[in-house]
Amino acid sequence: MLENVRAFVREREWEAFHDPKNLTMAIASEAGELCAELRWVPSAESDAHCREPEARQRVLDELADVAICVLMLADRLDVDLSEAVHDKLARIRDKYPLVP
């Protein structure tokens, strides 16, 4: 997946625009677009809304945009995203232990 993102960016010569600041701002922008897809949907109806074909496609498109930007930032910062997620989960397990 990362190689496909790299190739897409390289083919368009967009590397110069993908510094950490711009990629972080892109993540926030794309996350905002994802939020907009559900902004006025009542919480109790959000699962059903996301199963409606047209809404689902819009949500998937925005989710993919967020993921692409996250992958590009991780790549730019030379971060193993799987390792970063694993490490973060380990730290929050300690912070939020299971309640017996």
- Might you work through the side-chain contact (heavy atoms from CB on, under 4.5 Å) test for K21 and T24, ending with a clear yes or no? CA-CA 5 Å; K21 181 203 70 101; T24 300; 5.8 Å; no
- Is there side-chain contact between S29 and D65, with heavy atoms separated by less than 4.5 Å? no
- Any side-chain heavy-atom pair of H86 and E83 under 4.5 Å: no
- Only one of I27, V79, L81, I68 forms a side chain to side chain contact (heavy atoms under 4.5 Å, CB included) with L73, so which one is it?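 Only match with L73 under side chain to side chain contact (heavy atoms under 4.5 Å, CB included): I27.
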- Query: Between atom CD of E15 and atom CZ of R76, what is the distance when rounded to the nearest 0.5 Å?
  - Reply: 9.5 Å
- Message: Just verifying a value: how many Å separate R58 CZ and E52 CD, rounded to the nearest 0.5 Å?
- Response: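 Between R58 CZ and E52 CD, I get 8.5 Å after rounding to 0.5 Å.
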- Give a yes or no on whether a salt bridge exists between R6 and D75, defined as a side-chain N under 4.0 angstrom from a carboxylate O.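 A salt bridge links R6 with D75.
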Shared hydrophobic cluster for [X] and [Y] (ILVMFWY, side-chain gaps under 4.5 Å):
{"X": "V85", "Y": "I92", "answer": "yes"}
{"X": "V9", "Y": "M1", "answer": "yes"}
{"X": "W14", "Y": "L71", "answer": "yes"}
{"X": "F17", "Y": "L77", "answer": "yes"}

- Task: With side-chain contact (heavy atoms from CB on, under 4.5 Å) as the test, would you mind laying out the steps for E54 and Q57 before giving the verdict?
- Result: CA-CA 5 Å; E54 289 180 11; Q57 189 58 60; 6.0 Å; no
Heavy-atom pair with the smallest gap, counting every atom of [X] and [Y]:
{"X": "R51", "Y": "R56", "result": "C-CB, 4.5 Å"}
{"X": "C69", "Y": "E30", "result": "SG-CG, 4.1 Å"}
{"X": "L23", "Y": "H18", "result": "CD1-O, 3.2 Å"}
{"X": "V59", "Y": "L34", "result": "O-CD1, 3.8 Å"}
{"X": "E37", "Y": "H49", "result": "O-NE2, 3.6 Å"}
{"X": "A31", "Y": "V66", "result": "N-CG2, 3.5 Å"}

- Query: So is R12 actually on top of F8's ring, under 6.0 Å and inside 45° of the axis?
  - Reply: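 Positive - R12 is close enough to the ring of F8 and near enough to its axis.
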